[in-house]
2 protein chains.
Amino acid sequence: MNKILIVEDEDALRELIAFNLTKAGYDVIESENANDALIFIEEITPDLIILDIMMPGLKGTQLLQLLKRSPKFSHIPVIIISARSSESDIVEGLELGADDYITKPFSMKVLVAKIKILLRKKQEKTENIIEYKGIIVDLEKYKVFLNNKEITLTYKEFELLVFFLKHPKKVFSRSQLLSNIWGYDADIFTRTVDSHVSSLRKKLEDKGNLIKSLPKVGYVLD
Amino acid sequence: MNKILIVEDEDALRELIAFNLTKAGYDVIESENANDALIFIEEITPDLIILDIMMPGLKGTQLLQLLKRSPKFSHIPVIIISARSSESDIVEGLELGADDYITKPFSMKVLVAKIKILLRKKQEKTENIIEYKGIIVDLEKYKVFLNNKEITLTYKEFELLVFFLKHPKKVFSRSQLLSNIWGYDADIFTRTVDSHVSSLRKKLEDKGNLIKSLPKVGYVLD
DNA sequence: ATCATTTTTTACAATTTTATTACAAAAACA
DNA sequence: TGTTTTTGTAATAAAATTGTAAAAAATGAT
C-alpha cells in the first residue's frame, strides 16, 4: 500500500486530508512541521509527500530542496500546497523540483486524482532502481549508493551486486553465479567468484557482510 | 507573442477572459465550441489552450483526449475550466492530461498567474537552447558556447553532444549511441564512437571530462 | 576533377578490469 | 584435537578496454 506523508501545520486541514486519503486507500503519515517530516522520511520513506510550503520553523521550500538533492529521496514525488495568493511560492516550489501543486482551498477529489497520476508516473521511473537495506542501485545510471554516499564498482562487481539484489535471500552456488553472471557453461574450478565477492564486500563497507558465505554451498545476500 | 485559444461556450465569460488576456499581452483566439477549436488548433497551433469541459456538442473532455493523444499537439498546455460542483470532470480532465484547472467563478489574476506558470514551463521544454553546466547549445543556430566563448564542432560532434545533453546522467552503450546518432542497426565493432568522444572532449576543454566513460558499459554525461 | 573538411579506421600506448595464484584464516570432519 | 577442506584476500599476471594521434576514406564545395 502506498504511504503518503502530509506535512501541514494547520491541524484541521491536515486531518481533513488524512481522512480523505485514508478513505482513498492510502497509508497516511501526518507531520505538523518540516523537522519532524525529515525524521519520518528517513524512517519510512513515503511514496509521496504533500507539503505545505508556508510553515513556521524549517520552511517547506528548504525541506523540498533538501529532498530533491538527496539521491535517496529525490525520486519521491512532492505536491506542494500553497495559498491562492502567493503564486511566487508556487513558481519557486516548481523550480526546486516539486512535481505538482495545488492551491487552497482545494477539493479532495482533485487532490486524490493528482496523487494517482504522480504515483503512476513514479512507478514508471522507479522500475530501474533497486533498494535493499540501505544499498541503492540505479540500473539506468549505473550508480550505487550506500545510504547517501556514492561508491564506484567495476562492471563485474556491479553485475554481481545486482544479481544478488534481484534475488535476495536466495542461495547460489559458485557455478550458478558463474553461469548467470559470467555466462560460463560448466562447473569450472576457479576462484573468480570468491575473488569478486571479496572485493565487492570490501567496497560495500559495513554492508559487506550482507553477502554471506555458506561453506560448501555458496553465497547469499541476506 | 503567445497565442492563447479560449474554448468556452458562454459568451460573457469567454469575452471577459479574452479581454483580460489581451490586456495581459497575449494574442487571443476565441472559439465557442470544440469543433471550431479543432480547426483553430490545426491552423494556428496556439501556445496554450483554456478549455471549458462542460460544453454542448463535442465534449471538452473529448477534445482534450484528442489533443493529448496527438504527438503534434500533446505538448500544448491545457487549462480546464469547470464548475466547482462537478469535481469529477476535473478529475477526469487531469487524468486525460490537462496541465492545470480552474473552477468557476475565478479571478482573472489567478488565471493569468496559472498561464504564466505553464507558459514558462513549456518554454523551457520547447526552447531550442540547451544548457548544462556551462555548456550552451543553440539547436537552431547550430552553435555551441563554453561559458560565453563560442567553439566550433563538426556535425557529428555536435550531434553527439546534443544527444548527451538531452539525456544527462543516462548511460549509453556504444551500440546505443551508434544506433541513435548514426542510425546503424547492429552492434558493429568499430571505434568510431570512441574517436568522436575523444575529439569532442578535447574541444570541450575543461568541460570535456563531463563525458565519462564507464568501462565495459559505455559513456555518460554527468 | 581538385582541394578542404569531415568521418572512419588503424595502430599503439595507457589504463582499467579480470582472473589467477599463493598463503592465511576459518570451518568441517573424523 | 589434529587434519583436511574450504574460504578470504592481497598481490600479481593476463586480458580487455579505452584514449588518441595519424592515416585512409568519404563527402562536398568550387
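Naming: A, B, ... by sequence-line order, numbering from 1 per chain. All values derive from a computational prediction rather than experimental measurement.
Here D:dA10 presents its C1' atom at 15 Å from NZ of A:Lys203, a figure rounded to the nearest Å. The NZ atom of B:Lys212 sits 13 Å away from the P atom of D:dG19 (whole-angstrom rounding). Nucleotide D:dT9 holds its C1' atom 8 Å from the NZ atom of A:Lys202, rounded to whole Å. Going from atom CG of B:Asp194 over to atom P of C:dA13 covers 18 Å, rounded to whole Å. In this structure, CD of B:Glu159 is placed 17 Å from C1' of C:dT8, rounded to the nearest angstrom. Distance CG (A:Leu200) to P (D:dT9): 11 Å, rounded to an integer number of Å. Here the C1' atom of nucleotide C:dT6 and the CD atom of B:Glu157 are 9 Å apart, to the nearest Å. Straight-line distance from the CD1 atom of B:Ile181 to the C1' atom of C:dT8: 15 Å, rounded to whole Å.
Contact annotation: B:Ser198 does not reach the phosphate of D:dT18 (side-chain N/O to OP1 or OP2, under 4.0 Å). The phosphate of C:dT7 has neither OP1 nor OP2 within less than 4.0 Å of any side-chain N or O from B:Tyr184.
DNA chain C is contacted by both B:Trp182 and A:Tyr155; B:Trp182 maps to the nucleotide lying nearer its 5′ end (nearest heavy atom per residue). Toward the 5' end of DNA chain C, the nearer of the two residues A:Lys156 and A:Lys216, judged by each one's closest nucleotide, is A:Lys156.
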*asked:* Could you go through B:Ile17 and B:Ile81, starting from their C-alpha distance and side-chain angles, then the distance that decides it, and tell me whether this counts as side-chain contact (heavy atoms from CB on, under 4.5 Å)?
replied: CA-CA 11 Å; B:Ile17 298 174; B:Ile81 302 177; 3.9 Å; yes
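For a distance-only test at 3.5 Å, the side chain of A:Arg201 fails to qualify as a donor-acceptor partner of the base of D:dG8. Side-chain atoms of A:Ser213 and base atoms of D:dT6 include no donor and acceptor less than 3.5 Å apart.
Checked against B:Glu92 for a side chain to side chain contact (heavy atoms under 4.5 Å, CB included), the options B:Thr61, B:Leu64, B:Ile53 give a single hit: B:Thr61.
Taking every side-chain heavy atom of A:Arg174 into account, D:dG8 is the closest of C:dT9, D:dT18, D:dG8. Between C:dT8, C:dT21, D:dT18, one nucleotide has an atom nearer to the side chain of B:Ser195 than all others, and that is C:dT8. Distances from the side chain of B:His196 to the nucleotides C:dT20, D:dG19, C:dT8 place C:dT8 closest. Distances were taken from every side-chain heavy atom of B:Thr154 (C-beta onward) to each of C:dT6, C:dA11, C:dA19; the shortest belongs to C:dT6.
A 4.5 Å side-chain heavy-atom check between A:Met55 and A:Val7 finds at least one atom pair inside the cut-off. Two residues are said to be in side-chain contact when any heavy atoms from C-beta on lie closer than 4.5 Å; B:Leu210 and B:Ile135 meet this criterion.
Heavy atoms of B:Leu214 sit under 4.0 angstrom from primed sugar atoms or phosphate atoms, though from no base atom. Residue-level contact check: B:Tyr219 touches the backbone only, with heavy atoms under 4.0 Å from sugar-phosphate atoms and none from bases.
Taking the six-membered ring where tryptophan is involved, the planes of A:Trp182 and A:His196 are perpendicular, since the angle between them exceeds 60° and thus also 30°.
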